[in-house]
Every structure is written in structure tokens, then in C-alpha cells.
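Owing to the predicted nature of the structure, the values given are computational and were not obtained by experimental measurement.
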Amino acid sequence: MCQWEGTKDNHGFDNLLNMGARVTRVFRNYNLENRVHRELSKDKPRAAPRHAVKLPSTASSLEEVDSLNQKNAPLLDHLRSVYVESRDPAPAAAEVLKDVTAGKEQRRLLKFSVPASPLGLVELTDVPIGKLTIAEALKAMGSHQHQPQTWSPEKIAQEYSLDLKETKALLEFFVPFKVEIIPPKTKKAKEIKAA
């Protein structure tokens with residue numbers, strides 16, 4: 001047990017710290033005056049020369065400002081020749097917009113659906129032409145993945161009333177999940193058996 005552990009004020013520990021501070025102060029202040037004189041007697045480093053700046057003369061700068069403020073006749077003529085016309089959207093686009101907002105769009109019956117009651121979803125019976133449900137999209141992509149000759153993009157587009165370009169993009173950029181079981185390299189590896 002140290003002498004300062006049992007005391008209430010730890011005076012011995014304070015004395016030990018004060019003694020260490022005194023020792024460092026002695027070394028820090030040793031030969032201080034000579035070190036200061038040596039630093040002051042050194043030549044001061046010279047500053048790097050400044051880069052010469054070429055200032056424009058006031059007469060030429062005034063000419064440049066005047067040339068910028070003058071009107072350029074050929075440019076103004078070109079600007080006057082520009083004419084912009086604004087027209088309302090085509091009436092066909094307005095009719096399509098009215099059909100969509102009125103709810104009179106053509107719809108098709110579902111080819112494939114998931115039972116909705118256990119999932120808490122509303123069961124759909126039909127979708128707009130050119131649209132797919134998630135279940136139909138997964139079924140179509142899976143069919144194409146397993147049998148690409150029979151389920152070609154043309155057949156999928158015809159079956160689900162889709163645009164052929166969009167169907168090709170769907171099959172190219174979206175792939176359903178694949179489950180691959182990689183067999184172990186050795187026969188001694190542990191295998192998971194069905195219970």
C-alpha cells in the first residue's frame with residue numbers, strides 16, 4: 001500500500017507531482033538567456049519576391065468597356081429575326097388525357113393473380129391495357145427464363161396486351177430471382193437433409 005492511498009487529502013501525491021513540475025521547470029529554464037540571444041542574433045529569412053503584376057493602362061481599359069457597352073447591329077438583326085410560336089397541345093393528346101381522368105380506359109382481365117385475402121390486399125379482377133400486376137410480371141419473366149422459345153417477347157406482348165418494345169426492355173433489364181444450389185466439392189462435406 002502506498003503512503004498516499006489511505007490519506008483523505010492525498011498530500012503525498014500532490015507533493016510528488018509538484019516535485020516533477022519543479023524538475024521540468026529547471027530543465028526548461030536552463031541556459032534560457034543564452035538560447036534567446038542566439039535566436040535573436042540569427043539573420044531573419046528573406047521573404048520571397050512578389051510576382052510582377054501588369055496593370056492595364058486606363059486608356060485601353062476604357063476603350064474595352066466602351067466596346068462592350070456598344071450595340072452590335074448584326075446581332076440585333078439576328079435577334080429580331082427570331083420568332084417563337086406557342087400552340088396548345090394536340091387534340092388527340094387532350095382526348096387521351098380526358099379518357100384517363102374519366103376512368104373510361106380500356107381494361108383487360110387478369111391472366112394470373114395471387115390470392116389476396118391472406119395477404120390483406122384487395123383482389124384485382126382487371127388492369128388497364130399495357131399494364132401488368134407484379135404477379136403477372138413475375139410469371140411472364142419466369143416463363144421466358146425457363147422456356148425462351150415458347151415464351152418469346154412477341155408472345156408475351158400479345159398474351160398480356162403489352163407494347164413489344166416495352167416487353168423486350170422488361171425481359172432484358174429485369175430478371176426474376178434464381179436459386180442455384182452449388183454442390184459441395186468433396187463428398188465428406190456436411191449436407192443438409194430434409195427432416
Side-chain angles (χ1 to χ4, degrees), residues 48 50-51 53-54 56 61 63-195:
R50 296 200 177 265
H51 182 69
V53 178
K54 190 175 187 182
S61 64
E63 292 172 5
E64 291 172 358
V65 170
D66 288 340
S67 68
L68 289 175
N69 288 333
Q70 289 177 353
K71 292 183 180 180
N72 192 336
L75 289 178
L76 285 174
D77 292 338
H78 287 300
L79 185 61
R80 287 188 186 111
S81 68
V82 174
Y83 182 71
V84 178
E85 283 187 15
S86 176
R87 296 183 184 152
D88 288 337
E95 289 175 13
V96 170
L97 183 63
K98 287 179 186 176
D99 287 345
V100 170
T101 56
K104 296 180 183 177
E105 58 190 14
Q106 295 178 347
R107 299 180 75 84
R108 66 169 179 83
L109 294 176
L110 292 178
K111 303 282 181 188
F112 179 77
S113 65
V114 176
S117 57
L119 301 175
L121 302 172
V122 176
E123 185 152 350
L124 296 175
T125 57
D126 60 348
V127 292
I129 290 180
K131 306 281 184 184
L132 286 174
T133 63
I134 293 176
E136 286 178 328
L138 289 174
K139 175 102 169 122
M141 288 188 294
S143 299
H144 175 72
Q145 185 179 13
H146 295 297
Q147 301 170 343
Q149 287 80 19
T150 54
W151 286 95
S152 64
E154 293 81 16
K155 182 175 180 183
I156 293 173
Q158 181 184 9
E159 186 77 20
Y160 292 101
S161 303
L162 300 171
D163 182 37
L164 181 61
K165 181 181 172 187
E166 291 176 358
T167 306
K168 286 181 179 178
L170 175 76
L171 295 174
E172 181 181 350
F173 296 113
F174 294 94
V175 179
F177 291 113
K178 294 180 186 178
V179 177
E180 293 185 19
I181 300 174
I182 301 171
K185 292 182 180 179
T186 62
K187 295 286 183 180
K188 295 179 181 180
K190 292 183 180 179
E191 294 181 6
I192 301 173
K193 296 183 180 179

Open item on the list: Nearest 0.5 Å, please: how far is CG in N72 from NE2 in H78?
Closed with: 9.0 Å
Open item on the list: Measuring from atom OG1 of T133 to atom CG of L138, what distance do you get when rounded to the nearest 0.5 angstrom?
Closed with: 8.5 Å
TODO: Answer whether the closest heavy-atom distance between the side chains of I156 and L170 falls below 4.5 Å.
DONE: no
TODO: Grab the two heavy atoms, one from T150 and one from K155, that are nearest each other, plus how far apart they are.
DONE: O-CD, 3.1 Å
Task: Shortest non-hydrogen separation from H144 to S152 and the atoms involved - done: ND1-CA, 4.4 Å
Open item on the list: For the CD atom on Q158, are there more than 12 heavy atoms of other groups (residues, nucleotides or ligands in this structure) within a distance under 6.0 Å?
Closed with: no
Task: I134 atom CD1: more than 12 heavy-atom contacts under 6.0 Å - done: no
Open item on the list: To check you understand the geometry: which heavy-atom pair defines the closest contact between V127 and E136, and what is its length?
Closed with: CG2-OE1, 4.4 Å
TODO: Using a 4.5 Å cut-off on heavy atoms from C-beta on, say whether the side chain of Q145 contacts that of W151.
DONE: no
- [ ] Would you name the heavy atoms of K131 and R108 that are closest together and state the gap between them?
- [x] O-NH2, 2.9 Å
